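Lettering follows sequence order; numbering is per chain, from 1. What you see is a predicted model; the values in this text were computed from it and never measured. Just so you know, these numbers use all the heavy atoms, side chains as well, and skip hydrogens, waters and symmetry mates.
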Amino acid sequence: MYSTTAVIEQRQDAPPGDLAIWFFILAELLVFAVLFVVYAVARRNNIELFDLHQQQLDRSSGLANTLVLITSSYFVMRAVAAIRDGRAHLCSRWLWGAFALGFLFLLIKGAEYQHHFAAGITLRSNDFYLFYLSLTFFHFMHVVMGMVILAAVAFKAQHGGYSATDYTGVETGASYWHMVDLVWLILFPLVYVMH
Amino acid sequence: MMSKAATALRPCTAIWLLMVALTFVTWAVGRFGLSGSGLKLGVLAIALFKGHLLADHFMGLRRVRSFWRPLLSAYLLLLGAALAAAFIL
Amino acid sequence: MSGTFTKSMARNIFIGGSAFFVFLFLALSLDTVRALPDRDNRQNITEQVALGKKVWEDNNCIGCHTLMGEGAYFAPELGNVYDRYGKSTVAIKAFISSRPVEGIPGRRSMPQFNLSEKELDAVAEFLKWTSEIDDSNWPPNIQG
Amino acid sequence: MKYQSQLVAKPYFIAAIGLFIGQIIFGLIMGLQYVVGDFLFPEIPFNVARMVHTNLLIVWLLFGFMGASYYMVPEESETELHSPKLALALFWIFLVAGALTIVGYLAVPYATLAEMTGNDLLPTMGREFLEQPTITKIGIVVVALGFLYNVGMTVLKGRKTSISLVLMTGLVGLAVLFLFSFYNPTNLVLDKMFWWYVVHLWVEGVWELILGAILAFVLIKTTGVDREVIEKWLYVIIAMTLITGIIGTGHHYYWIGTPEYWQLLGSVFSALEPIPFFMMTVFAFNMVNKRRRDHPNRAAVLWALGTAVMAFLGAGVWGFLHTLSPVNYYTHGSQITAAHGHMAFYGAYVMIVLTMISYTMPLMRGRAAANSNRSQVVEMWSFWLMTVSMVFITLFLTGAGILQVYLQRYSDAPQAFMVVQEKIELFYWMREYAGLVFLTGLLLYVVSFFIGGKEPAQQNA
């Protein structure tokens, strides 16, 4: 459906941003899908252990992190909308906002890790923590990577690197960030809630 | 920081709020320790739906003609089916 | 919008992706090195075991045998030979020292390395030490 | 061939083929020793023949890579090589050091060689693929540094293309990773953990960058597709290579005492390692289909396509066969590993060097662009003989491996190693015959350079 209020959206034949990033988005989604399925299958032969330790996770920080990432994805989308109107400074402000939320995610997640490590939990404690730490730390590193990209794009936008007719870079960074959020949308319920 | 707040709610803002709401629902399920396979599927369905919303609106695949949108939808469905099977069977 | 991809984006992904995974690999390797002490039986490394490893290397045993599954596939796995030989270093030493110089007609045979008593003891201790490493109980059975 | 200094690649390629023939001869000796246990015993025991076989393989591939670099870099950088004299000096140093090492392996018992070369000062001998005496290893480092200096200066003073940068990244990575061969701790688990930095991060990391760079260079020259397209695909392919291959090292950390999380991470990431090889196959065929000219050297194009396919089969498919930890638990250290090793090395690295030799030799011998038709036909015969016989060697070893795993590991009444070896002897005999066919193919490859004389290949459609 064509929304009349927002900018007229015309049908495109390629996803927003550089096609190369989309190739790697698919590769990353594949890796995470494999890790999720292996988690779910490995859980089957030790359900009590998984459920027991899942209860001990701090679900409210998981909630907070989900809200933070969804909101940061929203900020990034507003940034893309802004650059489409040629408003580079507004775009970079939205991007820096998303970057800040990303940093908040790292803080919340970092606090969780600190709590675990303080309790002597490592990759080798048991199967649940092996998967929990592998999955969440692999995603954690992707948030860091996404923030590096967002910062680069925001910096370039601030200095007039993009315009209403040339903003593929912003869309590329946005697509990668959305992928990082998409992965967390599945990771949170899978690891924190489902038992 | 918000630009002159668009009076009419932008479609994407509506989507954002919906996803926030769905997140609270998922959290609530976990919080109150509800269980049973129905809820497991429910939580998983919510996650997939949120993923679909994100892919469609935030990633902008809704406006893309070629195979990308069905590809992402298929990804979410297949992954969801596999996880559901692993949790239910 | 573009439908195609640019070389500069591909290069950025190459550099970013490689740096990302190099860092991840180093982090994991650091964690592994820190975790090894309670798996790799290092507390039992004696002078004799060290000499045994040197004898193992100086005679290129890896040229025919596998050790913990790695090496040549011509002769049996020796990571668990200590267990296979009834937990006896004497049996291992006897086998090594009794190898016929001219070999066995028509069959694979281990050369006679003319090891001294000290070297025989050392390599037997090294193989005993290796069998005590926590290797996620590989091989699947005593045959190795 | 635009620059005189590119000719320095010729001796490297000739030496490479010479050592290749030596490698195959010792491979055949070992193949026979598998079935006739006391063949050449005790003069050349199996472990000595194996050292010669594996060390010749690595040394002739390094000669091939260096020769390819000496040919590519001047042409990519559009300037003369920094110092052809240094290149020739290093050639002789490397050849003599290599030959002495091989003679050392054959002439004296290994323990004596260790003593003679002062291994006690810095013991680095006695490990698979790193059996060279410490002084030879130091010689390799010197040659590598001289080579990197020579090629690096050429790149610095000339045009910097993506291909030469990727090649340089691969070569520098190769040299840096080789330094880990000097680290030989008493603790066997640490020794093995960092030994894999030399072996795995070579053949599933930086060597794939060198493979990609050479393949991209040959495809640009033979298909005429513009550089921009080929180089951007090169970047995507080698990005996937490092993304999957670096953590992929984990599939060697299953059973050597390292923590068990490697079984999850190693399996997942090494399972994705075939993807870049699949992309390379699609990339190679795509470029050849979209070629803008019909290069007369059809043999080189055949080698390039064959490299992509066989690398995917050998390294990709046969690698995936035994990379997942539950499977590897049974196939670790069996003939399955040997099967993968043979086809992966041949498909990925032997063939790319032969591709480069096949493409450059006519040019370096002053011919238009390709050998005569007759010699190309013979060369294609050698391609098919070698490739098909290698497929059979791999199939026979896979058969032997499956039976070995079943009888010795998987069955609930496991049999002893030597008992099982006798039961699978049939496969070893067939592997030996395939090896003889491979040698025939290789000799044909050499013959193809000496027939057909000067008349150029007629310009076909």
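- Closest non-hydrogen pair, B:G51 versus A:L182, comes out as CA-CD1, 3.3 Å.
- Residue B:A55: no heavy atom, backbone or side chain, is found under 4.5 Å from chain A.
- For chain A, the nearby part of B:L72 is the side chain; its heavy atoms alone come within less than 4.5 Å.
- In this structure, A:M179 CE and B:L54 CG are separated by 11.0 Å, a value rounded to the nearest 0.5 Å.
- Atoms CG and NE2, from A:L185 and B:H52 in turn, are 13.5 Å apart once rounded to the nearest 0.5 Å.
- No side-chain heavy atom of A:P189 sits less than 4.5 Å from a side-chain heavy atom of B:L44.
- In this structure, the side chains of B:Y75 and A:L30 stay at 4.5 Å or more apart for every pair of heavy atoms.
- Contact of B:I15 with chain A is not made at all, since no heavy-atom distance falls under 4.5 Å.
- Of the listed residues B:L83, B:V20, B:T26, the one with more heavy-atom pairs under 4.5 angstrom with chain A than any other is B:L83.
- For A:R44 (side chain) and B:L89 (main-chain N/O), a donor-acceptor pair under 3.5 Å exists by modelled atom type.
- B:L17 contributes atom CG, which lies 10.5 Å from atom CD1 of A:I70 (distance to the nearest 0.5 angstrom).
- A pairwise comparison of heavy atoms in B:H57 and A:M77 identifies O-SD, 3.6 Å as the closest pair.
- Side-chain contact between B:W68 and A:L26: present, with at least one pair of heavy atoms (C-beta onward) separated by less than 4.5 Å.
- The local environment of CZ in A:F117 is crowded, with over 12 non-hydrogen atoms from other residues, nucleotides or ligands closer than 6.0 Å.
- Here A:I25 contributes atom CD1 and B:M59 contributes atom CE; the two are 5.0 Å apart, rounded to the nearest 0.5 Å.
- The aromatic rings of A:Y74 and B:W16 lie parallel to each other, their planes meeting at an angle below 30°, with 60° marking the opposite boundary.
- Rounding to the nearest 0.5 angstrom, the gap separating the CG atom in B:L79 from the CG atom in A:L29 is 9.0 Å.
- Considering only heavy-atom pairs separated by less than 4.5 Å from chain B, the leading option among A:Y192, A:W22, A:F188, A:Y39 is A:W22.
- Distance CH2/B:W27 to OG1/A:T66: 12.0 Å, rounded to 0.5 Å.
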